[in-house]
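Scroll down for the structure; my scribbles are underneath it.
Note that this is a predicted model, so its numbers are computed, not measured. Throughout, a chain's letter reflects where its sequence line sits, starting with A, and its residues are numbered from 1.
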Amino acid sequence: MLEYIISKYNFWVYIILLLIGLYAMLGKKNLVKKLIGMNIFQSAVILFYVSIGVKKGGATVPIFMGDAHAAHGHGQAIIDVASYINPLPHVLMLTAIVVSIATTGVALAVLILIFRRYKTLELDEIIKIRKDTGV
Amino acid sequence: MMSHILLQIVVVPAIASLVILLTRQQIGKNAGWLAGCSLLYSTGLLLLACIRVYHGEIIVENYPFVSSAITFDLLGDGLSLPIALIINMLCAALAFYAMHYVEHRIEAIYGDVDERTWRNHYTRFYIMFLGFPLGFMGVCLVTNLIAMYFFLELLPIPLYFIMAMFGYVDRVKVAMICLLWAITGASFFILAALMTYSQIGSFHISDLSALAGNPMAFWIILFFLVALLVKMAIVPFQVWMPQVHAEHPTCIAGLLAVYANVAAYVIVRILVFPLLDDFKVFSMPLLILGLATMVYGSLLTMAQTDVKRFAACSTISQLAYSLLGIAALTITSLEGGMFFFLSHIMGKTILFSTAGILVYTTGIRDMRQMGGLASKMPITTALWIMGAMMLSGFPPMSSFPAEWLLFTGVFHTGIEMMPGGLIIAILAATAITLTVAYTFRSAKIIFFGKMNPDIELHAHGEIKDPPAMMLIPLLFIAGVSITLGLFPKIILTLFHNVIGTLPLP
Amino acid sequence: MIWQLDIILCIFVVICAIAAITVKDLLAAVIILGAYSFFMCILWTEMGAVDVAFTEASVGAGVGTVLFIAAVNKTKRRSKD
Amino acid sequence: MATHFAALVIIIPLIAALFVPIIGWWKKGLCYPLVVAVLIVPLISSLGILNRVIESGPFSYYLGGWAPPWGIEYAIDYLNAFVLVIISAISLIVSIYSKKSVEKEMPEKVVPFYSLFLLLVTGLLGIVVTGDLFNVFVFLEIAALSCYALMAIGRDGAPFATFRYIIMGTIGASFYLLGVGYLYIITGSLNMLDVAQRLPEFYHSRVVLTAGVFMIVGIGLKMALYPLHAWAPNAYADAPSTVSGLVAPLMTKVAAYMMIRIMFTVFKPVFFVEIIPVTTILTWMAAVSIIVGSIYAIAQTDLKKMLSYSIVAQIGYIALGIGLANRSGLTGAVLHILNEAFTKGCVFLVAGAIVYKMGSCNINDFKDLYRKMPFTMSAFLIGAFSMVGIPPTCGFFSKIYLIMGAINAEKWIFVAVLLFSSILNVIYFFRVIKIAAFDEVIPDYSRTTPYITYRLDEVPLSMLIPILIMAAGILVCGIFSPEIINTVIQHIIPASF
Amino acid sequence: MKVIAILIIVLTGGLLIYGVEEMPDWGDPNSPASSHVSPKYIQEALEKTATPNMVTAVLGDYRGYDTMGETAVIFTAGIGCILMLRKKRKGEGD
């Protein structure tokens, strides 16, 4: 059992982080907290993707080692697939990180708009103000 | 002119409506003439078509709509054409009748408005009004369930707008009620149509017979019946009818009766013809419902004092006659039922329109405040009495042979279904006396007896017969009714060509 | 890669995440979020995703924290939960 | 040329979005004509694409020349081409409409507005055109981010509504991304067709099941399906008129497109029908959506909010059609996407026009609107007819296909729901019509006030014409719907139905 | 609110844990993710794109359109912030 848990520990970590993020997004009353949760949530997904790319057994970072020009000249025979980590998830996650930070940026701008209007960032207070003023 | 005759009949009102819409500022008050004349033209076409059918021809016109399942085929046979003819004639007559009436309503509702707005109101009535003949002709002539649904669904829309724009006190609310009931009915209709399609893969009425014996047939017929009984305001679906009839402008009152009653034709067309055997199960329940509606409607009518509501409640009981005729399922009763349907709508048009004239001239709606009008308004009185005779089935009106045939059939069935059937038949026949009672009682109250001295106060002017433009169409209808009453063979031959083919006693 | 180190990093990450959403001072929470991102970077480097780690370090931990601080600065620092 | 249309659809608006700030910095007034001119390109391109698909069947376009599954592929089939045409047509119409409304609502923000407008269109088109699961996510985020920003500048409650939308939208998008990750871990591919081909052998794996559930929930959030709808009504209602005119008809429908794509292309229908009963759950959610959405719509006094709840109800129709998973149902769903795009576009543009003229859209203030704005309100009437399903509007045809689907599936409860919803639709749409057309006319005929005049007070032509085009679109789509079904939609239905 | 949140995370967490169980072993070089598409990148990237960093090669070339989308996302966020945060002139206030 322990073996089983340890053998997939990064998956467990990603699940825990995802749930922490999700909880903060749904359950926290402070809007900034929600955004912090959103960041955690998104980085959990990124962690999951990065974990997909991992190869055990001596694989290294996906940057070609050795003489690039020589390899370029002699074809691909020397490149061993097993010795490099799968680069595709990394590519995807570069995009995802940028997307996540862009979302955060937009969300923070909206947050400032909300603060200008309601002078508070607590969900329950905002809802109360909305109810009172009919806005 | 003779080619695409049925298509012309359906399309002419639509074109006239469009022309009025586009030229409403120029055409102004002449919109009534345009509408009336276009309807006269299509009535003429229908007459021609009827003559052709009378000589044994069946007119079929095929128009492919965008897909193969939904077509726009039109069928003119001995059943559809006479009904279409009478309805169209009524529409034409009412178009002329309405010309003065709408002026009066606009003045009453909107007060003094400037010329442009006035023309807008006035033409709007005719734009909407022409939706009725379009819808009725469509319902009568099409042979495809979806096309029929389209026309059935089309009808409540002009009804809604006319009622909401030109009706009486509660008009907007009542218009909404009417629309809701219409949509409810239409929902059942489309449901049944789609169930049919899922069973037989076709929307054609002629293919409906493939449904015979199908286990789903019961449900399909039931849904169709619910849809159509809602339209016909048969107990227990009658709640909308008295309110609606009380508030609408009387110039479309006759059409409202048609609107409700055309469902009887649809029952014959889509249920009795193709699915006779499966329909027989419903015969008895429908007889009972019909009887209940008759009695309920008559008693309700007796209690009315409002002259418009009075006519409205009588519609409920009259509608049930047609249903009774259909439910009895004999050749004579079916023919009688259809014939009574025509007689009733003519009688109702006259009666309602006369009520409209009364409201128009006297400005009051309560019968008890009227009285002794006969001396001032002789022609109106005559019209009212003729209307009353038409509803009660006195000779020489067309409803006399109609009721005769109807009850011959009903008694035939009644005797076969002893004892329940016979009781129903006898009760139904007795219910006629109720009709006689309430129609003539009203005539007495309104036109005879002592005149109310205050009545001149409400009136817009001197109390006298209205302009000829309002009377002539009604007199014409009365004339048609008397002709058909004296020579019922004309229309019965047409009916018999079609209905006679059914394997019924 | 060394799995013991990985696990320690993972624990740090989780602790930072929990701290970030529980601290009531928003500025502190944001700083902890920056630390969280930083630990995440190390974790990813450990897993061989150097490019991702660099981007996260610059964009996530850097720009993100700056944006958050700017926003918190413009609004309220205290949170009720 | 037709091959490159697939790329042009995205590239032209994207590049134009970059140029708008530059040109706007030079001369503000040029933004509007530029945007309108630019949006003609996607329309022509997508019509070209549709034409090519109809003539010679589906084709694909390799971006950068890399063959799939290594590069990104734009796989165009009937569904893509169809939805592309809808999106580009609606966005062009709305862009024409935008002029006056934007000038009035945010005169100082015209330049970034139009830039984001184009980005939003790009995002929506991108989601539809691409054949790569991850690429969908990227475009989804472009569309979502521009949507957030555009919505947040709306009327009073907008920022808060937008914030909720951001939270829910991000959860939705991340769930989708998670689903893609699960599919990737099991198939090793991101190309939709490649995944579809490699997936069936893993259908009983828990990973695929989780992936399916996450993707459907994510898309369901974006679709605003009950019970995931809570964010939608406020966000749509509070957005600026032009934005709700663009987003309301398209955003949820693009999500519906994604759902069809995931359920019937990436997965085979058998997966969601038999292996996990998502379709059954979906139909129930849809049914509740229809009823609850309609009832909430009845309770609203604000026109835009009413229409927003009506979106929740209408999206239920589409979801129901998808969930029924048979030929008629799916035909109805796809046709309803078209219908909804035009109908909701029409009614939201009308709402925008009313806001433009009256400053608010409280239904109780609508008295006599029919006399002041006859054309606008006639368009609204046509929209209402389509919502209720009165022939010959498009709504009628999509509804009969949906009902037929439910009948064929022998799910009578859904038949009842569909029919009942028509009545609810009548109630809330005709309430508006009633107030606008008939109220405030004094209902007694002894009135003596002389001379009431009604001045015509229509919106400017640049707003009126798009509204009328939309209304005409409803009718045209209705009348030609059998044609549309024969040439396009019937090819969309999976072969197993 | 909190109850719903906890309910949702329990459901999500349950589903995730349910899914993890049948995942390919972590870091298995023969898992589909590592054996279907990506080997070609590793083998060909250098030759076809002359970039030693495979991530860059894939990012800039094979999946260049993702990157274009990514740029567009940043641009969108920037323009969006400008749109939202630019103050109204002439003291119109909020």
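The two residues E:Thr12 and A:Leu18 have their closest heavy-atom pair at CG2-CD2, 4.4 Å. Residues E:Ser38 and A:Pro87 approach most closely at CB-CD, 4.2 Å, considering heavy atoms. The nearest pair of heavy atoms linking E:Val73 to A:Ala102 is CG1-CB, 3.5 Å.
Each of E:Gly69, E:Ala57, E:Cys81, E:Gly78 has some count of heavy-atom pairs under 4.5 Å with chain A, and the biggest count is that of E:Cys81.
Listed in order of number, the residues of residues 2-11 of chain E that approach chain A to under 4.5 Å between heavy atoms are E:Lys2, E:Ala5, E:Ile6, E:Ile8, E:Ile9. The contact list for residues 107-114 of chain A toward chain E, using heavy atoms and a distance under 4.5 Å, reads A:Ala109, A:Val110, A:Ile112, A:Leu113 by residue number.
For A:Leu123, the part lying near chain E is the side chain, with the backbone staying farther off; criterion is any non-hydrogen pair under 4.5 Å.
A:Tyr14 meets the ring-ring contact (aromatic ring centres under 6.0 Å, His included) test with A:Phe48; sequence neighbours excluded.
Using a 4.5 Å heavy-atom threshold, the side chains of E:Tyr62 and A:Leu88 count as separate.
A:Phe11 CZ to E:Ile17 CD1: the interatomic distance, rounded to the nearest 0.5 Å, is 13.5 Å. Distance check, rounded to the nearest 0.5 Å: CE of E:Met54 to CG of A:Asn86 gives 10.5 Å.
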Please output the side-chain donor-acceptor pairs of residues 90-99 of chain A that fall under 3.5 Å, not counting sequence neighbours, one pair per line with the distance.
unit_1: A:Thr95; atom_1: OG1; unit_2: A:Val91; atom_2: O; d: 3.4
unit_1: A:Thr95; atom_1: OG1; unit_2: E:Glu70; atom_2: OE1; d: 3.2

